[in-house]
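See structure below.
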Protein chains: 2
Amino acid sequence: MKSNLYEKKAKIFKALSNPVRLEIMDFLANGEKCVCEIVENLDYEQPHISKSLIKLKEAGLIKDRKEGLNVYYSLKICCMGEFFNCLNKILESESKS
Amino acid sequence: MKSNLYEKKAKIFKALSNPVRLEIMDFLANGEKCVCEIVENLDYEQPHISKSLIKLKEAGLIKDRKEGLNVYYSLKICCMGEFFNCLNKILESESKS
DNA sequence: TGACAATATTCCAAAAATGGAATATTATAA
DNA sequence: TTATAATATTCCATTTTTGGAATATTGTCA
């Protein structure tokens, strides 16, 4: 039971443990975007973006919506802001020490 | 600049992306503990615990304090609670869908 | 000093993540 | 139906992570 829960949590962190995926999360914080917009704005190959999105989706962090040829992704998590504020605090306290 | 920041954040998430290290973080949420207490309470080998602690420390998530033969570890992060509340929300919303 | 307890380190093989390149799928419109 | 745009998938070599086993280091006390 308990160890299973830690594994689930670990998977979420693993999805976030990559700079490209974090950049995508940050971009999606501005609202729903289609894959093409993400590819245009972030400087990575389309298959790389696509794979990253799928990992984030599998982790339950984002959701998708199809509309014709396009697929729109958006954050599924309401508390992502707090999450990243915490991160920033960590990085601040590091830069001091 | 920016990508570097994403890399730093990714490293923090990477440190948290392992069930053993998460269990240690959880245990340390109860307050400062020496390595021996952690080894006694969690069911992993001492070298495994030791390596895990060092990774968490390198990520800036915990700090250590030596006292004689013992080394005491404690959380360095004030907002870990919010962090994990967010995680729980994520897992809840997953179990619903 | 020597023995011992607490912690850290090294070595290693297996598993997983990474990202580039090529290709496949899907939906639309002409 | 065919061409095309948007997105996803597969393949693959390289790098990184993982955790077990053995061993080393460090501090204390007799």
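Naming convention: chains lettered A, B, ... in sequence-line order (proteins, then strands); numbering from 1 in each chain. Because the structure is a prediction, the values reported are computed rather than measured.
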Determine all donor-acceptor pairs shorter than 3.5 Å in which one atom belongs to a side chain in residues 46-60 of chain B; sequence neighbours excluded.
from: B:Ser52; atom 1: OG; to: B:His48; atom 2: O; distance (Å): 2.8
from: B:Lys57; atom 1: NZ; to: B:Asp64; atom 2: OD1; distance (Å): 3.4
from: B:Lys57; atom 1: NZ; to: B:Asp64; atom 2: OD2; distance (Å): 3.3

Span of DNA chain C in contact with chain A (heavy atoms, under 4.0 Å):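 Going 5' to 3' along DNA chain C, contacts run C:dA17 to C:dT28.
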To the closest 0.5 Å, what do you measure between [atom1] ([X]) and [atom2] ([Y])?
X	Y	atom1	atom2	result
B:Leu42	B:Phe27	CG	CZ	6.0 Å
B:Lys8	B:Phe13	NZ	CZ	15.0 Å
A:Lys11	B:Ile90	NZ	CD1	14.5 Å
B:Ile24	A:Tyr6	CD1	OH	10.5 Å
B:Leu16	A:Lys14	CG	NZ	12.0 Å
A:Glu82	B:Phe83	CD	CZ	11.0 Å

Sequence-aligned protein contact record of nucleotides 25-30 of chain D, with B where the base is within under 4.0 Å of a protein heavy atom and S where only the sugar-phosphate is: -BBS--
A:Asp43 atom CG, over 12 foreign heavy atoms within 6.0 Å: no
Side chain to side chain donor-acceptor pair (under 3.5 Å) partners of B:Asn88, counting only residues at least two apart: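 Here the qualifying residues are A:Lys9.
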Sugar-phosphate, base or nothing in reach of B:Ile54, heavy atoms under 4.0 Å: sugar-phosphate
Sugar-phosphate only, base, or nothing, as touched by B:Tyr72 at under 4.0 Å among non-hydrogen atoms: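 Result for B:Tyr72 = nothing.
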Is there any protein nitrogen or oxygen under 3.5 Å from a nitrogen or oxygen in nucleotides 17-19 of chain D, and what are the pairs?
from: D:dT18; atom 1: OP2; to: B:Arg21; atom 2: NH1; distance (Å): 3.2
from: D:dT18; atom 1: OP2; to: B:Arg21; atom 2: NH2; distance (Å): 3.4
from: D:dT18; atom 1: OP2; to: B:Lys55; atom 2: NZ; distance (Å): 3.0
from: D:dG19; atom 1: OP2; to: B:Asn18; atom 2: ND2; distance (Å): 3.4
from: D:dG19; atom 1: OP2; to: B:His48; atom 2: NE2; distance (Å): 3.2
from: D:dG19; atom 1: N7; to: B:Lys51; atom 2: NZ; distance (Å): 3.4

Side chain proximity check, B:Ile62 to B:Met25, heavy atoms < 4.5 angstrom: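 Yes, close enough: below the 4.5 Å cut-off.
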pair A:Leu22-B:Leu5: side-chain heavy atoms closer than 4.5 Å: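 Not in contact.
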Residue pairs passing the salt bridge (charged side-chain N to carboxylate O under 4.0 Å, His left out) test where at least one lies in residues 32-42 of chain B, sequence neighbours excluded: B:Glu32-B:Arg65
Any residue of residues 34-42 of chain B with a heavy atom less than 4.0 Å from an atom of DNA chain C: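 Only B:Cys34, B:Val35, B:Cys36 qualify.
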Any residue meeting side chain to side chain contact (heavy atoms under 4.5 Å, CB included) with B:Cys36, in chain and number order, not counting sequence neighbours: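 Side chain to side chain contact (heavy atoms under 4.5 Å, CB included) check on B:Cys36 returns B:Cys34, B:Asn70.
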B:Gln46 CD - D:dA24 P separation (whole Å): 15 Å
